[in-house]
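All figures in this text were calculated on a predicted structure; none of them were measured in a lab. Counting starts at 1 for both ligands and their atoms, in listed order.
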Amino acid sequence: MFERTVWPVSGRASVEVGGGLVAKGNRRTRNGSALTSELGLEEVVRAEDVHKFFGSFEVLRGISCSITRGEVVVIIGPSGAGKSTFLRCINGLEPFQRGDINVGGLWLKDRNTDVHRVRADVGMVFQRFNLFSHRTAIENVIEGPIYVRRTARPDAVKHGMELLRKVGLETRVHAYPSRLSGGEQQRVAIARALAMNPKIMLFDEPTSSLDPELVGEVLGVMRQLAEEGMTMIIVTHQMAFAREVADRVIFMDEGVIVEENETSMLFSSPENERTKAFVAKILET
Ligand code: ADP
Ligand code: MG
């Protein structure tokens with residue numbers, strides 16, 4: 001298992017993930033050899049044997065994984081696999097009973113860890129847009145910086161405007177959510193998450209409640225973030241998108257990570273029978 005004392009190592013860590021798959025720097029590599037620190041990989045999130053129960057139902061049954069800086073990881077898996085629950089555990093929205101998760105150097109189970117601080121460093125975009133309906137786009141975006149980060153309002157507005165421009169909404173700055181399309185609302189939600197300068201962005205099926213013609217504009221923003229080097233964990237069923245932007249794909253089922261691999265490998269030659277069946281099913285749709 002992971003050795004806690006190894007990390008964080010002055011911002012550098014050697015990382016080996018699932019079955020000899022080696023997380024990238026900028027390159028996708030797969031080999032069986034141990035990684036050395038010269039690749040300069042940095043972990044942003046590490047889950048260690050996370051178990052979570054809802055009552056007597058064990059929804060997460062020992063999840064371990066590691067996400068390095070700049071990495072884009074897509075999580076796939078059938079409904080009920082525990083994907084959303086796992087994301088919610090990472091940003092401290094769900095308590096879990098066993099194991100631990102480190103986010104940006106802080107262990108969630110450490111009683112000295114301020115969960116609010118962890119949450120502030122983790123940007124989360126949900127399936128439903130979760131905007132404040134009584135606030136305009138820009139007001140939604142500056143809320144966190146002003147009230148959580150204590151950023152001066154003019155600075156928050158300036159940064160917020162830049163972010164709304166980045167997501168292509170410079171003409172919708174003062175619109176209320178009800179006047180925005182689903183795709184626009186989701187882009188505001190992304191800008192709002194980015195406004196906190198997160199260490200990592202978590203996306204939970206961000207396009208699955210959008211009309212098909214609006215999916216592309218949201219994926220476009222996410223693609224741009226990936227290209228800029230944002231560390232991201234994305235739960236999605238958009239397989240073409242996953243193939244294009246993901247460095248690595250994790251297949252979850254029934255509360256465990258069944259298989260993880262470099263994206264093209266997982267899709268072209270899944271090893272586990274359950275992964276094979278799932279991949280075959282989603283690729284034919
Ligand atoms: P996924 O996102 O992969 O579809 P979820 O993490 O949403 O899966 O849910 C995993 C399992 O946990 C499901 O069986 C779901 O019904 C159950 N579950 C999720 N949230 C709760 C909750 N708050 N209370 C009880 N059971 C829950
Ligand atoms: Mg879900």
Side-chain angles (χ1 to χ4, degrees), residues 18 45-67 72-101 103 108-109 115 118-119 122-131 182-183 185-186 189-190 193 198 200-212 214-215 218-219 222 232-242 245-246 248-261 263 266-267 270 272-283 285:
V45 167
R46 183 196 287 179
E48 291 187 358
D49 195 32
V50 173
H51 293 253
K52 167 155 185 82
F53 294 80
F54 285 118
S56 60
F57 173 57
E58 190 172 10
V59 52
L60 300 179
R61 300 185 296 137
I63 299 283
S64 297
C65 67
S66 172
I67 316 293
V72 178
V73 174
V74 161
I75 302 179
I76 60 173
S79 179
K83 307 180 298 295
S84 297
T85 303
F86 180 50
L87 290 193
R88 291 167 56 80
C89 285
I90 292 175
N91 77 343
L93 285 172
E94 288 280 1
F96 47 92
Q97 285 71 31
R98 270 172 56 198
D100 207 346
I101 301 178
V103 181
L108 289 175
K109 287 280 197 218
V115 176
V118 171
R119 215 169 283 162
V122 177
M124 180 118 185
V125 177
F126 300 89
Q127 183 172 344
R128 293 249 151 234
F129 323 123
N130 296 97
L131 297 177
Q185 289 183 54
Q186 200 61 313
I190 293 172
I200 185 168
M201 288 281 286
L202 311 180
F203 295 86
D204 192 359
E205 301 195 34
T207 61
S208 56
S209 56
L210 295 177
D211 293 335
L214 302 178
V215 168
V218 173
L219 294 182
M222 293 168 65
M232 310 204 276
I233 306 177
I234 306 167
V235 175
T236 185
H237 300 296
Q238 298 286 332
M239 288 307 124
F241 173 75
V245 306
R248 185 153 54 100
V249 175
I250 290 176
F251 172 62
M252 274 182 73
D253 193 12
E254 297 181 350
V256 296
I257 293 178
V258 174
E259 187 167 347
E260 61 177 280
N261 210 335
T263 305
L266 189 120
F267 286 130
N272 183 283
E273 291 306 320
R274 279 194 280 170
T275 320
K276 278 182 196 167
F278 185 81
V279 166
K281 207 162 64 186
I282 51 172
L283 290 184
T285 56

Exercise. Would you say Phe86 touches ligand 1, if touching means a heavy atom closer than 4.0 Å?
Worked result: no

Exercise. Any idea which atoms of ligand 1 are less than 4.0 Å away from a heavy-atom of Ala81?
Worked result: 1 (P), 3 (O), 8 (O)

Exercise. If we only count heavy atoms from C-beta on, is the Phe241 to Ile234 side-chain gap below 4.5 Å?
Worked result: yes

Problem set entry | Closest protein heavy atom (residue, atom, distance) for atom 8 (O) of ligand 1 | Gly82 N, 3.2 Å

For this session: Report yes if some heavy atom in the side chain of Asp204 is under 4.5 Å from a heavy atom in the side chain of Gln127; otherwise report no.
Result: no

Exercise. Is the closest side-chain heavy-atom distance between Phe251 and Pro78 below 4.5 Å?
Worked result: yes

Exercise. Nearest protein heavy-atom contact for atom 19 (C) of ligand 1: which residue, which atom, what distance?
Worked result: Phe54 CE1, 3.4 Å

Exercise. Can you tell me how far CD of Gln97 sits from NZ of Lys52, rounded to the nearest 0.5 angstrom?
Worked result: 5.0 Å

Exercise. What's the shortest distance from atom 9 (O) of ligand 1 to any protein heavy atom, and which residue and atom give it?
Worked result: Thr85 OG1, 3.8 Å

Exercise. Is there a heavy atom in Ser79 that sits closer than 4.0 Å to ligand 1?
Worked result: yes

For this session: For atom 14 (O) of ligand 1, find the nearest protein heavy atom and state the residue, atom name and distance (0.1 Å precision).
Result: Phe57 CE2, 3.6 Å

Exercise. Below 4.5 Å, heavy atoms only, C-beta onward: do Gln186 and Phe203 meet side chain to side chain?
Worked result: no

Seminar exercise, completed: atom 7 (O) of ligand 1 sits nearest the protein heavy atom Ser84 CB, 3.7 Å

Exercise. Under a 4.5 Å cut-off applied to non-hydrogen side-chain atoms, are Ile90 and Met124 in contact?
Worked result: no

For this session: Please state whether the separation between the Mg ion (ligand 2) and some N/O/S atom of Ser84 is under 2.8 Å?
Result: yes

For this session: Identify the protein heavy atom lying closest to atom 4 (O) of ligand 1, giving its residue, its atom name and the separation to 0.1 Å.
Result: Gly80 N, 2.7 Å

For this session: Indicate yes or no: at least one non-hydrogen side-chain atom of Ile257 is less than 4.5 angstrom from one of Met252.
Result: yes

For this session: Decide side-chain contact (heavy atoms from CB on, under 4.5 Å) for Asn91 and Val103; before the verdict, give the C-alpha distance in whole Å, the side-chain angles of both, and the deciding distance to 0.1 Å.
Result: CA-CA 8 Å; Asn91 77 343; Val103 181; over 6 Å; no

Exercise. What's the shortest distance from atom 11 (C) of ligand 1 to any protein heavy atom, and which residue and atom give it?
Worked result: Val59 CG2, 3.6 Å

Problem set entry | Pro78 touching ligand 1 at heavy-atom level, < 4.0 angstrom | yes

